[in-house]
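Have a look at the structure below, then the notes.
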Amino acid sequence: MIARTTALPLLATITVAAALSGCSAVDRLANIGQAPEMSRIEDPTRGAGYQPVSMPMPAPVVATRQANSLWQEGSRAFFKDQRASDIGDIITVVVTIADKAAVDNTTTRTRQNTDAAQLNGLFGYEGSLTSVFPEAVTGGNFLDLGSSTSNVGAGKVDREEEINLRVAGVITQKLPNGNMVVYGRQEVRVNFEVREVVVGGVIRAADITSSNTISYDQMAEARISYGGRGQLTDVQQPRFGSQVLDVIMPF
């Protein structure tokens with residue numbers, strides 16, 4: 001039988017954990033036996049967390065048209081360009097990341113310090129030190145300090161990442177200098193797991209290839225997210241109550 005003094009704290013802990021993870025638990029219970037729902041296709045600029053991009057812009061240039069000329073300033077060809085150039089146009093973002101880093105660092109630091117002070121004369125009162133300090137204190141050994149420190153640190157980083165993705169995005173904003181803001185989101189559901197890819201950033205029209213694609217490394221302020229949700233992801237993640245307890249009591 002659990003003692004009352006033990007049962008009360010245990011009951012309080014369970015109650016707090018249940019309260020903190022209540023909403024998440026209700027959502028998971030509601031989706032038992034069902035595949036996770038996919039997000040609706042909607043205007044990304046109307047999302048709750050969407051914010052228009054504000055970037056430094058050069059001074060505006062007034063376009064001029066020459067008489068009897070077939071060429072228009074800003075055009076890239078005599079024929080219509082099929083590449084993305086305006087809000088609502090679609091462009092393919094190519095993400096190819098092959099990153100590898102290995103760092104091994106060791107640091108050793110040692111320091112010793114010794115301080116000694118003698119009080120051979122103190123207005124003739126040096127002989128009275130024993131009446132104030134312990135009997136072992138004399139003018140010759142009035143102060144004697146020593147310290148020693150030693151620090152040893154070792155760190156190692158070894159990681160390898162490889163991502164190959166192609167995501168179709170939409171031009172959501174056209175900046176005054178001609179640069180464009182692109183946002184793309186892709187969801188793929190396999191059985192009870194949804195894999196989600198989100199890309200976004202600022203691109204130049206000149207960097208778009210003839211096949212209407214652009215590489216991720218040509219995107220300024222690039223944001224790339226690859227993750228998922230569903231039964232497998234839910235099992236791999238610790239419970240919300242456990243995460244809260246880990247923050248409150250990390251040891």
Side-chain angles (χ1 to χ4, degrees), residues 17-32 34-57 83-97 99 159 161 163-205 207-208 212-248:
L20 293 174
S21 59
C23 296
S24 179
V26 171
D27 294 340
R28 290 197 299 270
L29 290 174
N31 294 327
I32 290 179
Q34 301 180 3
E37 295 184 0
M38 301 184 71
S39 302
R40 295 181 301 176
I41 300 175
E42 56 186 8
D43 185 355
T45 61
R46 298 182 179 271
Y50 178 81
Q51 293 183 355
V53 176
S54 178
M55 301 288 289
M57 295 292 118
R83 292 177 291 184
S85 60
D86 204 351
I87 296 176
D89 291 348
I90 296 176
I91 183 174
T92 301
V93 180
V94 180
V95 181
T96 304
I97 300 176
D99 190 13
R159 63 180 179 85
E161 300 172 346
I163 301 176
N164 294 286
L165 300 171
R166 293 174 64 92
V167 183
V170 178
I171 304 300
T172 61
Q173 188 178 354
K174 193 170 183 179
L175 303 179
N177 66 341
N179 292 341
M180 297 174 289
V181 180
V182 60
Y183 176 85
R185 182 170 181 172
Q186 182 185 88
E187 294 184 2
V188 179
R189 186 174 68 188
V190 180
N191 296 332
F192 292 90
E193 189 73 13
V194 173
R195 308 308 295 174
E196 183 181 62
V197 182
V198 179
V199 297
V202 181
I203 62 174
R204 294 193 314 162
D207 294 330
I208 303 176
N212 197 37
T213 63
I214 190 167
S215 177
Y216 80 99
D217 56 2
Q218 294 175 312
M219 297 173 57
E221 297 296 323
R223 301 292 185 269
I224 303 172
S225 174
Y226 178 76
R229 64 181 187 276
Q231 290 186 354
L232 295 179
T233 304
D234 187 66
V235 171
Q236 292 174 349
Q237 297 295 327
R239 302 298 87 188
F240 186 78
S242 300
Q243 297 181 34
V244 172
L245 292 177
D246 289 340
V247 174
I248 298 176

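Considering all non-hydrogen atoms of both residues, I171 and A84 come closest at CG1-CB, 4.1 Å. Between P44 and T172, the closest heavy-atom pair is CG-CG2, 3.8 Å. A pairwise comparison of heavy atoms in K174 and D86 identifies CD-OD1, 4.3 Å as the closest pair.
Contact of the M219 side chain with the V182 side chain is registered, since non-hydrogen atoms from C-beta on lie closer than 4.5 Å.
With sequence neighbours excluded, the residues that form a salt bridge (charged side-chain N to carboxylate O under 4.0 Å, His left out) with E196 are R185, R229.
With respect to Y216, the side-chain contact (heavy atoms from CB on, under 4.5 Å) criterion is satisfied by exactly one of V94, I97, I163: I97. A side-chain contact (heavy atoms from CB on, under 4.5 Å) with I203 holds for exactly one of V93, V181, I214, N179; it is I214.
In this structure, Q186 CD and R166 CZ are separated by 11.0 Å, a value rounded to the nearest 0.5 Å. One distance of note links CZ of R195 with CD of E193; it measures 5.5 Å at 0.5 Å rounding. Taken from OG1 in T213 to CD in Q218, the straight-line distance is 9.0 Å, to the nearest 0.5 Å.
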*May I have the step-by-step check of side chain to side chain contact (heavy atoms under 4.5 Å, CB included) for D89 and M180, ending in yes or no?*
CA-CA 11 Å; D89 291 348; M180 297 174 289; over 6 Å; no
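Proximity of a side-chain donor or acceptor of N212 to a complementary backbone N or O of T92 within less than 3.5 Å is not detected.
Heavy atoms from other residues, nucleotides or ligands lying under 6.0 Å from CD of E42 number more than 12.
Listed by first and then second residue, the salt bridge (charged side-chain N to carboxylate O under 4.0 Å, His left out) pairs involving residues 45-56 are D43-R46 (not counting sequence neighbours).
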